Amino acid sequence: MGTPRREGSVPGQTTLDVMRGRGSSWIAGVALAASISMAGVVAGCGSPDSAAPEAPTGPVVQVANMAYAPATLTVTAGDTVTWNFDDRGVTHDVVGVGAAKSVLRSRLMQTGTFTYTFTEPGTYEYTCSLHPEMTGTVVVTP
């Protein structure tokens, strides 16, 4: 009668050919699983600080609801003030007015923070360049 054939075999195909075909599929599957596994390991790497920004340690001015809050802040020379921008997608900045014009200038942003360390006593007035009705003042004492 002829040589018995297994179901699904191809005439002329040797057992070695079948094993090679399955072997390459198996190797590809193992390589894919290893890649996915390593992606999870690498994604979990990093320092805890890189996951979340540090919280400000000094006074904070919130930039929200089309206003700076508090509108007037009193600090001591050497204090660092942080402006926290979060006004539901509205863009703002901090721009010094008068004598503060040369020292206070943030970039335009919708979210994020701007910090400035006040080293000299005085009164520093600022505004938003896009919304001049938004004003604030930092009073620096010795």
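The model shown is predicted, which means the values in this text are computed figures rather than measured ones.
Taking the six-membered ring where the residue is Trp, Phe118 and Tyr124 present perpendicular rings, their angle passing 60° and hence far from 30°.
Looking only at atom types and distance, the side chain of Thr91 has a donor-acceptor partner in the side chain of Gln110 under 3.5 Å away.
Listed by chain and number, the residues in a side chain to side chain donor-acceptor pair (under 3.5 Å) with Thr141 amount to none (sequence neighbours excluded). Looking at residues two or more places apart in sequence or on another chain, you find no side chain to side chain donor-acceptor pair (under 3.5 Å) involving Asp86. Listed by chain and residue number, nothing satisfies the side chain to side chain donor-acceptor pair (under 3.5 Å) test with Thr135 (two or more places apart in sequence, or in another chain).
The two residues Pro59 and Val75 come nearest to each other via the heavy atoms CG-CG1, 3.6 Å. Here the shortest heavy-atom pairing between Tyr126 and Thr137 reads CE2-N, 3.5 Å. Looking at every heavy atom in both residues, Met134 comes nearest to Ala67 through CE-N, 3.7 Å. Thr113 approaches Phe85 most closely through the heavy-atom pair CA-CD1, 4.4 Å. Counting all heavy atoms, side chain and backbone alike, Trp83 lies closest to Val138 at CZ2-CG2, 4.1 Å. Annotation for Met66 and His131: closest pair CE-CD2, 3.3 Å, computed over non-hydrogen atoms.
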With side-chain contact (heavy atoms from CB on, under 4.5 Å) as the criterion, how do Arg88 and Asn65 come out once you've worked through the C-alpha distance, each side chain's angles and the decisive distance to 0.1 Å?
CA-CA 8 Å; Arg88 303 170 306 229; Asn65 301 316; 3.0 Å; yes

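Checking side-chain atoms of Asp93 against main-chain N and O of Ser129 turns up a donor-acceptor pair under 3.5 Å.
Looking at Leu130 and Leu108, their side chains come closer than 4.5 Å, going by heavy atoms from C-beta outward. Inter-residue side-chain proximity for Thr127 and Glu133 is flagged as unmet; no heavy-atom pair is nearer than 4.5 Å. Contact annotation: the side chain of Tyr116 approaches that of Leu104 to within less than 4.5 Å [non-hydrogen atoms, C-beta and beyond]. A heavy-atom distance below 4.5 Å is not found between the side chains of Arg105 and Phe114. Side-chain contact between Asn84 and Val61 is absent, with no heavy-atom pair separated by less than 4.5 Å.
Each of Thr115, Thr57, Thr117 was scored for a side chain to side chain donor-acceptor pair (under 3.5 Å) with Thr80, with one residue passing: Thr117.
Hydrophobic cluster membership is shared by Val63 and Met109, with clusters built from Ile, Leu, Val, Met, Phe, Trp and Tyr side chains linked at under 4.5 angstrom.
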